[in-house]
Amino acid sequence: MAKRDVPPRWDRRMQQRLARGEAAALGELYDRFASLVHGLAHRVLGDERAADNITREVFVHIWEHPDSYDSQQGPLRTWVAALTQRLAVQRLRATETATLAREGSGTTEELERRVRRASVAARADYIVQSMPVPLRSALERAYFQRRDYHQTAADLGITEEEARRRLRLGLQLLSTAHDSEAPGAPPGYGGAA
């Protein structure tokens, strides 16, 4: 196995500790990923209580099935995000389908568009949160502060060429949120399934 294919040591140790049933490991995992899980769930569902429920479900699933994480598929963080997105999208589909059946307003196509939009938004949030700080800083200046690459370069104290490179790479990464399978994500993460 190549050096870069080896999962981070922390990921392997965490999975082993969870498999042994160490409650402290679950606490550490929760401390590390709870805000990511809750944020993604809230982004998909748009509801605080539903996001809280998904957060609980994700950590219960991890506690009960620590061996379902496959380190060959990517980092533990990505797996946790994929699990969160899958459970949140399932909940959104179930809730919206029940509403559709109860009220009879809307179509299944509209439902799938809403699910797809929520799924893409959650992936975009995850991509931005996972970006290296230099890329994220350049994108934040360009997007939120409406800075061009000249101004971004000056703000960050880098060359204009470097600012263009960071913006281009950041936008390329962000554009994968629309792909059916995001790069580096485990199977099942990219789609709205």
Side-chain angles (χ1 to χ4, degrees), residues 1 4-98 111-132 136 173-193:
M1 185 182 293
R4 63 186 252 259
D5 293 334
V6 175
R9 184 174 292 150
W10 187 89
D11 290 1
R12 286 193 314 267
R13 278 199 314 257
M14 179 56 65
Q15 183 182 27
Q16 292 165 353
R17 292 175 62 203
L18 288 167
R20 287 192 302 263
E22 289 184 31
L26 184 64
E28 282 178 44
L29 191 75
Y30 183 86
D31 290 344
R32 190 170 204 165
F33 295 127
S35 63
L36 168 71
V37 169
H38 190 272
L40 288 173
H42 192 272
R43 183 71 165 123
V44 170
L45 299 167
D47 178 81
E48 191 71 27
R49 182 175 290 157
D52 290 343
N53 289 337
I54 292 296
T55 301
R56 272 192 299 280
E57 286 178 34
V58 166
F59 287 100
V60 165
H61 177 85
I62 292 169
W63 179 249
E64 292 175 349
H65 309 285
D67 293 331
S68 62
Y69 165 62
D70 181 359
S71 61
Q72 300 304 312
Q73 295 295 323
L76 186 58
R77 176 185 173 90
T78 302
W79 177 74
V80 169
L83 176 61
T84 302
Q85 189 217 12
R86 189 178 76 242
L87 292 176
V89 166
Q90 286 173 352
R91 175 73 49 85
L92 179 63
R93 263 205 187 102
T95 303
E96 294 292 324
T97 300
L111 166 64
E112 284 306 312
R113 274 195 298 277
R114 282 194 299 260
V115 168
R116 176 78 176 143
R117 196 170 29 250
S119 182
V120 167
R123 278 196 309 277
D125 283 352
Y126 176 73
I127 289 167
V128 170
Q129 290 174 13
S130 300
M131 272 182 194
R136 189 171 54 241
L173 288 171
L174 198 51
S175 73
T176 64
H178 290 283
D179 293 347
S180 62
E181 193 66 48
Y189 180 68

Exercise for the section: Using a 4.5 Å cut-off on heavy atoms from C-beta on, say whether the side chain of I54 contacts that of L40. Expected result: no

Handout entry: Atom pair CG (L18) and CG (L26), whose distance is rounded to the nearest 0.5 Å
Key = 6.5 Å

Exercise for the section: Evaluate side chain to side chain contact (heavy atoms under 4.5 Å, CB included) for W79 paired with S71, printing each intermediate quantity in order. Expected result: CA-CA 9 Å; W79 177 74; S71 61; over 6 Å; no

Exercise for the section: Show your reasoning for whether side chain to side chain contact (heavy atoms under 4.5 Å, CB included) applies to Q90 and R86. Expected result: CA-CA 6 Å; Q90 286 173 352; R86 189 178 76 242; 3.9 Å; yes

Fill in the blank from the handout: Here the gap from T78 atom OG1 to L36 atom CG, rounded to the nearest 0.5 Å, amounts to 9.0 Å

Practice task
Using side-chain contact (heavy atoms from CB on, under 4.5 Å) as the criterion, point out the one residue from Q15, M14, R12 that pairs with Y69.
Solution key: Q15

Handout entry: From CG (D67) to CD (Q16), nearest 0.5 Å
Key = 10.5 Å

Exercise for the section: Give the intermediate values and the outcome of side chain to side chain donor-acceptor pair (under 3.5 Å) for residues T55 and Y30. Expected result: CA-CA 9 Å; T55 301; Y30 183 86; over 6 Å; no

In a table with atom names and distances, give each donor-acceptor pair under 3.5 Å that connects a side chain of residues 57-65 to protein atoms at least two apart or in another chain.
| unit_1 | atom_1 | unit_2 | atom_2 | d |
| --- | --- | --- | --- | --- |
| E57 | OE1 | R91 | NH2 | 3.4 |
| E57 | OE2 | R91 | NH2 | 2.1 |

Exercise for the section: Mind running side chain to side chain contact (heavy atoms under 4.5 Å, CB included) on E48 and H38 for me, showing each step along the way? Expected result: CA-CA 9 Å; E48 191 71 27; H38 190 272; 2.9 Å; yes

Completion exercise
Of all heavy-atom pairs linking A41 and A88, the shortest is CA-CB, 4.2 Å

Problem - Heavy-atom donor-acceptor pair, D11 side chain to P75 backbone, under 3.5 Å - result: no

Completion exercise
When rounded to the nearest 0.5 Å, the distance separating CG of L45 from OG1 of T95 is 7.0 Å

Completion exercise
Nearest heavy-atom contact between L92 and A118 is CD2-CB, 3.8 Å

Practice task
Mark yes when over 12 heavy atoms from residues, nucleotides or ligands other than R49 sit less than 6.0 Å from its CZ; otherwise mark no.
Solution key: no

Handout entry: Distance-only polar pair, side chains of D47 and H42, donor-acceptor under 3.5 Å
Key = no

Exercise for the section: Calculate, to the nearest 0.5 Å, the distance between atoms CZ and CD belonging to R13 and E22 respectively. Expected result: 11.5 Å

Problem - Approximate separation, where rounding is to 0.5 Å, of R136 CZ and M131 CE - result: 8.5 Å

Handout entry: Axial cation check for W10 ring with R77, 6.0 Å and 45° limits
Key = no

Practice task
Assess the side chains of Q85 and S119: does a donor N or O sit below 3.5 Å from an acceptor N or O?
Solution key: yes

